[in-house]
J.: 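Can you read through this structure? Questions will come right after.
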There are 2 protein chains.
Amino acid sequence: MSNESSSYKEKKVISIGTVKDLTGLSVRQIRYYEERNLIFPARTEKGTRKYSFSDVEMLMSIADKREDGVQTHEIRKELKKAEERTRKEQLRDTMIRGQLNAHFNMIKR
Amino acid sequence: MSNESSSYKEKKVISIGTVKDLTGLSVRQIRYYEERNLIFPARTEKGTRKYSFSDVEMLMSIADKREDGVQTHEIRKELKKAEERTRKEQLRDTMIRGQLNAHFNMIKR
DNA sequence: CGTGTAAGGAATTCTGACACG
DNA sequence: CGTGTAAGGAATTCTGACACG
């Protein structure tokens with residue numbers, strides 16, 4: 001039941017200018033891919049966007065696909081498919097864990 | 001001979017304002033600890049400071065020690081000692097590796 | 001020593017919009 | 001559709017300095 005929810009890779013701490021340097025994309029492009037729901041930066045109270053290393057990697061992957069002529073809409077569809085797979089895996093894991101716990105409790109008493 | 005020099009933890013990508021939020025320190029304090037050579041942020045071409053997660057952790061450690069009344073000069077001395085230990089470990093590892101390679105080369109021919 | 005603050009300037013980021021192809 | 005750009009404003013960051021205890 002441990003939870004290290006703050007891994008460096010997922011923590012949203014990078015400003016858009018740094019993301020630009022890291023990815024080679026323009027600030028306009030980075031904002032546009034957010035508009036198309038391909039990335040989801042956090043916002044500070046003042047409204048500035050903060051990205052994670054994970055977001056940066058996603059942007060590089062998007063850049064590769066765009067170079068191959070893939071439209072953002074297609075990339076979005078692939079992303080949703082991948083998310084669906086993850087959702088199902090998690091559901092399955094949760095159920096297996098539930099079964100295991102049930103057995104353990106049987107044995108304990 | 002591999003080299004993954006760009007681990008998320010060491011990459012300098014975080015602006016001082018974000019470091020302030022992450023550590024609870026004031027911007028003044030963060031700059032001052034740099035002046036005392038306790039942390040070493042990178043600089044962009046335009047001169048803005050960039051910190052790594054590692055720097056952030058160091059700052060939190062510094063904050064703890066300052067709360068205990070430890071002066072920056074003392075913290076600096078501890079830091080240098082730790083660095084010296086690391087330097088010696090690396091030297092030893094390098095030498096061991098050299099010995100191993102020498103043996104391998106003997107056997108190979 | 002360690003930290004706050006006001007000062008002046010430069011660079012960053014934000015949004016909404018027009019342009020182009 | 002995807003990206004550039006100019007516009008206006010707000011927030012960020014930088015340095016060097018004075019203040020205080």
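Residue numbering restarts at 1 for every chain, and letters A, B, ... go by the order of the sequence lines.
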J.: Could you state the NZ-P distance from B:K50 to D:dT12, rounded to the nearest angstrom?
T.: 13 Å
J.: I need the CG-C1' distance between B:D68 and C:dG2, as an integer number of Å.
T.: 16 Å
J.: Just the rounded figure in Å: distance from C1' of C:dT12 to OH of A:Y51.
T.: 13 Å
J.: Write down the distance between CD1 (A:I16) and C1' (C:dT13), rounded to a whole number of angstrom.
T.: 8 Å
J.: For A:I62 and D:dC1, what is the distance between atoms CD1 and P respectively, to the nearest whole Å?
T.: 16 Å
J.: Would you sort out whether A:S52 and A:D55 count as a side chain to side chain donor-acceptor pair (under 3.5 Å), showing the intermediate values?
T.: CA-CA 5 Å; A:S52 65; A:D55 292 327; 3.2 Å; yes
J.: Does this structure show an ion pair linking A:K81 with A:E78, if we count only N-O contacts that are shorter than 4.0 Å?
T.: no
J.: For the side chain of B:R76 and the backbone of B:R36, is there at least one donor-acceptor N/O pair under 3.5 Å apart?
T.: no
J.: Under the side chain to side chain donor-acceptor pair (under 3.5 Å) criterion, do B:K20 and B:S26 qualify, and how do the steps go?
T.: CA-CA 6 Å; B:K20 175 194 65 184; B:S26 70; over 6 Å; no
J.: Identify which nucleotide among D:dC1, C:dG2, D:dC14 has an atom closest to any side-chain atom of A:Q71, counting heavy atoms from C-beta outward.
T.: D:dC1
J.: Only stems of 3 or more consecutive Watson-Crick or G-U pairs count here, both distances under 3.5 Å; name the ones for DNA chain C, or none.
T.: C:1-5 with D:17-21, C:17-21 with D:1-5
J.: Within the structure, does a side-chain N or O atom of B:S15 lie under 4.0 Å from either OP1 or OP2 of C:dT12?
T.: no
J.: Membership question, hydrophobic clusters at under 4.5 Å side-chain separation (ILVMFWY): are A:Y32 and A:F40 in the same one?
T.: no
J.: Can you list, by residue number, the residues of residues 17-49 of chain B that have a non-hydrogen atom closer than 4.0 angstrom to DNA chain C?
T.: B:S26, B:R28, B:Q29, B:Y32, B:Y33, B:R36, B:K46
J.: If Ile, Leu, Val, Met, Phe, Trp and Tyr residues are connected whenever their side-chain heavy atoms lie under 4.5 Å apart, and connections chain through other members, are B:I39 and B:M60 in the same group?
T.: yes
J.: Specify the separation, in whole Å, of atom CD1 of B:I14 and atom C1' of D:dT13.
T.: 16 Å
J.: I'd like to know if B:K77 and B:E74 make a salt bridge, using a cut-off of under 4.0 Å between side-chain N and carboxylate O.
T.: yes
J.: Please check if A:M58 and A:V27 belong to a single hydrophobic cluster, counting links between Ile, Leu, Val, Met, Phe, Trp and Tyr side chain heavy atoms closer than 4.5 Å.
T.: yes
J.: State whether the side chain of A:S61 and the backbone N or O of A:E57 hold a donor-acceptor pair below 3.5 Å, judged by distance alone.
T.: no
J.: Find the distance A:R66:CZ to D:dG4:C1' and express it as a whole number of Å.
T.: 14 Å
